[in-house]
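The next block holds one structure in the form of structure tokens; read it before the comments.
Sequence lines set the chain letters: A, B, ... in the order given, protein chains first and strands last, and positions in each chain run from 1.
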Number of protein chains: 2
Amino acid sequence: MTEQTAPLTRRRLRTWLRILRLTRGAENHLREFLRAECDTTLPRFDVMAALYRADKPMKMSELSQKLLVSNGNATAVVDRLEQDGLAIRVASETDRRVKHVTLSDAGRDRFAVLARAHEAEVDKLFANLGHDELDMMRTIIRRMEGPSQ
Amino acid sequence: MTEQTAPLTRRRLRTWLRILRLTRGAENHLREFLRAECDTTLPRFDVMAALYRADKPMKMSELSQKLLVSNGNATAVVDRLEQDGLAIRVASETDRRVKHVTLSDAGRDRFAVLARAHEAEVDKLFANLGHDELDMMRTIIRRMEGPSQ
DNA sequence: ACTTGAAGCTTCAAGCTTGAAATTAATAAT
DNA sequence: ATTATTAATTTCAAGCTTGAAGCTTCAAGT
């Protein structure tokens, strides 16, 4: 009897590389879409999305944790959004170390438009996925994150 | 009868965000691992991996296509690897526009070590995935990339 | 009250990344 | 042969990203 199936370790590596490739491809597509059609960037979009969904002022540290980026990174992107008048920093009244960030009115209006375009583009990108595949995907991702978590 | 299942468009978006989150988490983990344990970076590792697997000199443009990055990016990373003596650029003899890149002997030796450590870390990271989940994952990814491709 | 330690944010240098412009070279079309 | 087009790579500016260092502020422990 010959060795039929690849060893688990090797298969995990190959699968990880496939996921990485898929994600990079999709990210590149969305970056180009945001640039060409919406005149913005992926990191700016991500920050605006987080602020929009939070629906209330967010601490800088909450923001960077949410997005899985460093604090320094969050500072830099929020700086640029603030310069463009899309985000606002407000000093906390209870703790003078923390700064709260929100979208400005202009920022909320802008993101509402961006979100529609972005969602439509993601829909196109994953048009091959129906409810069945989405169910499978959710199951697998949950399992990947750990059965205990 | 109430609206039970989320609309397809919305589910596709949510799934994409979940994938993105999973990938970023894993990438952050591996970046930190390569930095702390192997004293290198993710982009350097990726370039070395591509060169190692190609097993023959590779055009700069082939490299950037393989990794889904811009030409300028490939140039920059290869520059640094070359400075560190891990990669070598060789001018093509048949077409004076193209440069071939390879790992140096030192580069191959170095990557052999890195690859083992990296594979082991990926194995730990996805320890929850057995053959069944890996099969499912492959099926879904293929379907995402398009039924026709 | 005072010190110590930790938390929240920013700053900074180095490296990464893109997209556009520039350079050089091959190919095609007059 | 000359010109135009296309291709391969590099260069460059701007922006992104990290990790470490620094600053300010809060919370505990003495």
Side-chain angles (χ1 to χ4, degrees), chain A residues 20 23-25 27-48 57-84 86-101, chain B residues 20 23-25 27-48 57-84 86-101:
Chain A
L20 206 46
T23 307
R24 278 207 197 152
E27 264 191 310
N28 285 349
H29 180 95
L30 290 173
R31 173 183 301 113
E32 170 61 14
F33 171 76
L34 287 176
R35 190 191 66 78
E37 307 292 327
C38 305
D39 191 33
T40 190
T41 69
L42 223 31
R44 279 168 153 92
F45 180 86
D46 285 346
V47 167
M48 293 181 79
M58 209 173 176
K59 302 198 324 189
M60 287 299 291
S61 48
E62 288 173 344
L63 184 59
S64 54
Q65 279 179 7
K66 188 81 170 175
L67 300 179
L68 302 182
V69 300
S70 68
N71 286 343
N73 184 1
T75 296
V77 179
V78 168
D79 279 351
R80 287 181 208 106
L81 288 176
E82 206 173 18
Q83 280 172 12
D84 294 348
L86 299 172
I88 303 171
R89 263 186 260 239
V90 185
S92 165
E93 298 187 353
T94 61
D95 185 336
R96 282 189 298 178
R97 290 172 301 180
V98 341
K99 305 264 178 81
H100 292 298
V101 206
Chain B
L20 204 48
T23 306
R24 278 206 197 154
E27 264 191 308
N28 286 349
H29 181 93
L30 290 172
R31 182 199 332 286
E32 171 60 13
F33 171 77
L34 287 176
R35 189 190 66 79
E37 307 292 327
C38 306
D39 192 34
T40 190
T41 68
L42 222 31
R44 279 167 154 93
F45 180 86
D46 285 347
V47 167
M48 292 182 79
M58 209 175 177
K59 303 198 322 189
M60 288 299 291
S61 47
E62 289 173 343
L63 184 59
S64 54
Q65 279 178 7
K66 188 80 170 176
L67 300 179
L68 302 181
V69 300
S70 68
N71 287 342
N73 184 0
T75 296
V77 179
V78 169
D79 279 351
R80 287 182 207 106
L81 288 176
E82 206 173 19
Q83 280 171 11
D84 294 349
L86 299 172
I88 303 172
R89 263 184 262 238
V90 184
S92 165
E93 296 187 355
T94 61
D95 186 336
R96 283 189 297 175
R97 290 171 301 180
V98 340
K99 306 264 178 80
H100 292 297
V101 206

- Item | Nearest-0.5 Å distance that lies between atom CD in Glu93(A) and atom NE2 in His100(A) | 8.5 Å
- Without swapping roles, check the side chain of Asp84(A) against the backbone of Leu86(A) for a donor-acceptor pair under 3.5 Å. no
- Message: Using a 4.0 Å heavy-atom cut-off, does Arg24(B) contact any base of the nucleic acid, only the sugar-phosphate backbone, or nothing at all?
- Response: nothing
- Query: When the distance from CE of Met60(A) to P of dT24(D) is rounded to whole Å, what number comes out?
  - Reply: 18 Å
- Query: Do the non-hydrogen side-chain atoms of Val101(A) and Met60(A) ever get within less than 4.5 Å of each other?
  - Reply: yes
- Any ion pair linking Glu27(A) and Arg24(A) (charged N to carboxylate O, less than 4.0 Å)? no
- Query: Could you give the CD-to-P distance, from Glu62(B) to dA7(D), as a whole number of Å?
  - Reply: 16 Å
- Item | Between P of dC16(D) and CG of Leu34(A), the distance in whole Å | 12 Å
- Item | Sidechain-backbone polar pair: Asn28(A) side chain, Leu68(B) backbone, donor-acceptor under 3.5 Å | yes
Could you pull out the protein-nucleic contacts involving nucleotides 21-24 of chain C (nitrogen or oxygen on both sides, under 3.5 Å)?
none

- Message: For a quick test of reading the model: is some side-chain N or O of Ser61(A) closer than 4.0 Å to OP1 or OP2 of dA7(C)?
- Response: no
- Query: Over how many whole Å does the gap from Glu82(A) atom CD to dC9(C) atom C1' extend?
  - Reply: 13 Å
- Query: CZ of Phe33(A) versus P of dG19(C): gap in Å, rounded?
  - Reply: 15 Å
- Task: Please name all residues satisfying salt bridge (Lys or Arg N to Asp or Glu O under 4.0 Å) with Glu37(A), sequence neighbours left out, ordered by chain then number.
- Result: none
- So, is Lys59(B) near the phosphate of dA8(D), with a side-chain N or O under 4.0 Å from OP1 or OP2? yes
- Interatomic distance where NZ belongs to Lys99(B) and P belongs to dA25(C) [whole Å]: 10 Å
- Query: OG1/Thr75(A) to CZ/Arg89(A) distance, rounded to the nearest 0.5 angstrom?
  - Reply: 6.0 Å
- Message: Can you tell me how far apart OG1 (Thr40(B)) and CZ (Arg35(B)) are? Round to the nearest 0.5 Å.
- Response: 12.0 Å
- Note on the structure: Rounded to the nearest 0.5 angstrom, the NE2-CG distance for His29(B) and Leu34(B) is 9.5 Å
- Specify the separation, in whole Å, of atom NE2 of His29(A) and atom P of dG19(C). 13 Å
- Message: Any base atoms under 4.0 Å from Arg44(A), or only sugar-phosphate, or nothing? Heavy atoms, all strands.
- Response: sugar-phosphate
- Task: Figure out the CZ/P separation between Phe45(A) and dC16(D), and round it to whole Å.
- Result: 15 Å
- Which nucleotide sits closest to the side chain of Asp95(A): dC9(C), dC26(D), dT9(D)? dC26(D)
- Among dC16(C), dT11(D), dG15(D), the nucleotide that comes nearest once only the side chain of Thr75(B) is considered: dT11(D)
Do any N or O atoms of the protein come closer than 3.5 Å to N or O atoms of nucleotides 17-19 of chain D, and which pairs are they?
| from | atom 1 | to | atom 2 | distance (Å) |
| --- | --- | --- | --- | --- |
| dT17(D) | O5' | Asn73(A) | ND2 | 3.4 |
| dT18(D) | OP2 | Ser70(A) | N | 2.9 |
| dT18(D) | OP2 | Ser70(A) | OG | 3.3 |
| dT18(D) | OP2 | Asn73(A) | ND2 | 3.1 |

